[in-house]
Amino acid sequence: MKQALEFTITHRLNDTLARTGVIHTPHGDIETPAFIVGGTKATVKAITPEQVKEFGGQAVLANTYHLMLRPGAELVQRAGGLGVFMNWSGPTFTDSGGFQVFSLGVAYKKGIDAVAHTEKGDAAQAVKSTQQLVKITEKGAHFRSHLDGQKLLMTPESSMELQHAIGADIHMAFDECPAPLAPLSYLIEAVERTHAWAERCLARHNELNDEHTKQSESLQALYGVVQGARDEKLRKHSASFLGERDFDGYGIGGVFEPGEIPTVVKWVCETLPEHKPRHLLGMGSQPADLFLGVEYGVDTFDCVAPTRQARNGALYTRDGRINITNAKYRDDFTPIDECDCYACQHYTKAYINHLFKSDEILGATLASIHNERFVVRTVDEIRHSIKDGTFFTLKKQFLTRYYGDKLPSGVTLS
RNA sequence: GCUGAGGUAGUGAAGUGGUCAAACACGAUUGACUGUAAAUCAAUUGGCUCCGCCUUCGUAGGUUCGAAUCCUACCCUCAGCA
């Protein structure tokens, strides 16, 4: 059978897991490391696909759960698939909906942050609330739609069918993302379930790809998703189990602190087969995520924070994050940053401050373009630095300037 | 000039004898946001030597143990009539 996805590694950085490469998809190549732009509901919030292209976005990631509810996967299929529907001609990814088991379950109304960051959270309660709000069984996950409350069941098979209907180039296996604080016994159970689901995903995915072959349609790729929270044995077990299966690449799920990358991501990436691409799910809003992720073997990232934070007025600059609504920017007639994005080339902080204060939607657009450009450019710089061997110099300079003396815990500059 | 209504914190607006430094909304200030239930959410918003004290509800007096709330005078605003 024809490969659904080809991945070529072009450079490696000695003594690290970092590499550069190219992911070849039916809708074009992705030069890695790459930041994949969040387009959950088949739109990159507040900006057009042309603008995404202009700031250097190479691929977009949408979400199966959201599109299943609205407008429906079948409708996206009838529209001609995700790319045609949203007028994005480049490569596309879909997430499986597995993360919503977490965000609508354990993290429900508490914020993901509260669960991921609390040192001494109530682990038993974390599991309990999962079971109450999102019922997980071997069969799949029972959800309630956040739109109208209707009961839904998503199984590995149905997630594959939905993702094939939506028609992205790269799909994610349906996984369970447990709260990192859940007791080990539960984490083990969740990993085993994720593995069983992964095998079912792969089986159904291959059947669907066989049908594509018969119809002379291009094949779609499937990434297995590694779980295992912060546990070394579990992470390595998960990476090794999935690594032995014929996935086109791998997602790494459930990591929330940059300081965890040198341990968790490293365990995973040194275990996974080297010749397949690795995607760090849901991380990559701050430079530490990007530098450490790449250093420890990540090829692609996706993260909604650049656009979400942009809509809420938090903008990235080389000297750290700023809040554009701060009073001091009211009459600051300089651009957000030394930056080549559309917003920085044409507008001042004072103007964008005014847009936010006035609740004008152009503010969200300009801020989103800027934040996305910042992240995409940072990854581009990292990619080049691997090719010319200046990665560690760049890392030190970049992180020192961005964080000053407030480096996130667990992050080192060497 | 007459009649009526009214003057409460940055603004609008509750409150009409004690539980009022005064609801609520907006505004303002700050913070958070990482596989998007997020153009969302949270905190602060009279002063201070801040688990307590001081000064505030047009101004000045008064009644009362106690007043933003009752009385008197004055000032001002708005509406209608002259």
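Reminder, nothing fancy here: chain letters follow the sequence lines and each chain counts from 1.
In this structure, a donor-acceptor pair under 3.5 Å is present between the side chains of Gln100(A) and Asn63(A). For the residue pair His195(A)/Ser238(A), the side-chain donor-acceptor check at 3.5 Å is satisfied. Judged purely by distance below 3.5 Å, without hydrogens or angles, the side chains of Ser368(A) and Lys45(A) never pair a donor atom with an acceptor atom. Between Thr94(A) and Gln163(A), the side chains place a donor N or O and an acceptor N or O closer than 3.5 Å (distance only, hydrogens not considered). Under the 3.5 Å distance criterion, with hydrogens and angles disregarded, a donor-acceptor pair is assigned to the side chains of Asn209(A) and His205(A).
With a cut-off of 3.5 Å on both pairing distances, A38(B) has no Watson-Crick or G-U wobble partner at all. Nucleotide A5(B) has U77(B) as its partner under the Watson-Crick or G-U criteria, with both atom distances under 3.5 Å. Both distances falling under 3.5 Å, in either a Watson-Crick or a G-U wobble arrangement, occur for no nucleotide opposite U19(B). As the counterpart of A14(B), no nucleotide is assigned, since no Watson-Crick or G-U wobble pattern has both distances under 3.5 Å. When both pairing distances are held under 3.5 Å, U63(B) makes no Watson-Crick or G-U pair with any nucleotide shown. Base pairing analysis places C48(B) opposite G52(B); the two distances defining the Watson-Crick or G-U wobble pair are each below 3.5 Å. Across all strands shown, C33(B) forms no Watson-Crick or G-U wobble pair with both distances under 3.5 Å.
Looking at the side chain of His66(A), the nearest of the listed nucleotides U34(B), A39(B), U36(B) is U36(B). Distance from the side chain of Gln309(A) is smallest for C33(B) among the nucleotides G35(B), C33(B), U36(B). Of the candidates A37(B), A39(B), G35(B), the closest approach to any side-chain atom of Ser96(A) belongs to G35(B). Listed candidates were G35(B), U36(B), C33(B). Nearest to the side chain of Val225(A) is G35(B). Counting only heavy atoms from C-beta on, Met283(A) has its side chain closest to U34(B) among G35(B), A39(B), U34(B).
Taking each heavy atom of Glu31(A) and Gln58(A) in turn, the nearest pair found is N-OE1, 2.7 Å. Contact between Val265(A) and Val298(A) at its shortest, heavy atoms only, is CG1-CG2, 3.7 Å. Scanning all heavy atoms of the two residues, the minimum distance from Phe291(A) to Lys395(A) falls at CE2-CA, 3.4 Å.
Considering only side-chain N and O atoms, Arg321(A) lies under 4.0 angstrom from the phosphate OP1 or OP2 of C33(B). OP1 and OP2 of U34(B) both lie 4.0 Å or more from every side-chain N or O belonging to Ser285(A). Close to U36(B), at under 4.0 Å from its OP1 or OP2, lies a side-chain N or O of Asn63(A). Within the 4.0 Å cut-off from OP1 or OP2 of U34(B), at least one side-chain nitrogen or oxygen of Arg308(A) is found. Between Lys41(A) and A38(B) there is a side-chain polar atom (N or O) within less than 4.0 angstrom of OP1 or OP2.
Here Asn312(A) lies in heavy-atom contact (under 4.0 Å) with a base. Heavy atoms of Thr307(A) sit under 4.0 angstrom from at least one base atom. Within the 4.0 angstrom heavy-atom criterion, no nucleotide atom of any strand lies near Glu360(A). Using a 4.0 Å heavy-atom cutoff across all strands shown, Ala314(A) reaches at least one base atom of the nucleic acid. Across all strands, Leu280(A) comes closer than 4.0 Å to no nucleic acid atom at all (heavy-atom distances).
Remark: aromatic rings of Tyr347(A) and Tyr342(A) are close, center separation under 6.0 Å. In summary, the aromatic rings of His370(A) and Phe55(A) are positioned with their centroids too far apart to meet the 6.0 Å limit.
Remark: P of A37(B) and CZ of Phe99(A) are 7 Å apart, rounded to the nearest angstrom. When the P atom of C33(B) is taken as reference, atom CD1 of Ile324(A) falls 18 Å away, rounded to whole Å. Between the CH2 atom of Trp197(A) and the P atom of G35(B) there is a distance of 19 Å, rounded to whole Å. The distance from atom OH of Tyr316(A) to atom P of A32(B) is 12 Å, rounded to the nearest whole Å. The CG atom of Leu67(A) sits 14 Å away from the C1' atom of A37(B) (whole-angstrom rounding). Per the geometry, CD1 belonging to Ile361(A) stands 18 Å off P belonging to A38(B), to the nearest Å.
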Could you list the protein-to-nucleotides 27-29 of chain B atom pairs, N/O on both sides, closer than 3.5 Å?
{"unit_1": "U29(B)", "atom_1": "OP2", "unit_2": "Lys357(A)", "atom_2": "NZ", "d": "2.3"}

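If you run salt bridge (Lys or Arg N to Asp or Glu O under 4.0 Å) between Glu338(A) and each of Arg377(A), Arg373(A), Arg401(A), only Arg401(A) comes through.
Less than 4.0 Å separates RNA chain B from no heavy atom of any residue of residues 18-36 of chain A.
On the P atoms, U77(B) is 26 Å away from A68(B), given to the nearest whole Å. Spacing of P atoms, A42(B) relative to C26(B), comes out at 12 Å, to the nearest Å. Rounded to whole Å, the separation between the C1' atoms of A13(B) and A22(B) comes to 13 Å. Distance noted for atom C1' between U69(B) and U16(B): 4 Å (whole Å). Rounded to the nearest Å, the gap between the P atom of G46(B) and that of A9(B) is 12 Å.
Within 3.5 Å, no donor on the side chain of Glu257(A) pairs with an acceptor on the base of U34(B), nor the reverse.
Note on Glu157(A) versus Arg204(A): no salt bridge recorded, every NZ/NE/NH1/NH2 to OD/OE distance being 4.0 Å or above. Salt bridge annotation for Lys53(A)-Glu372(A): absent, with no cationic side-chain nitrogen under 4.0 angstrom from a carboxylate oxygen.
Nearest-nucleotide positions on RNA chain B place Asn323(A) closer to the 5' end than the other of Asn323(A) and Leu61(A). Each of Ala364(A) and Gly284(A) lies near RNA chain B, and the nucleotide nearest Gly284(A) is the one positioned closer to the 5' end.
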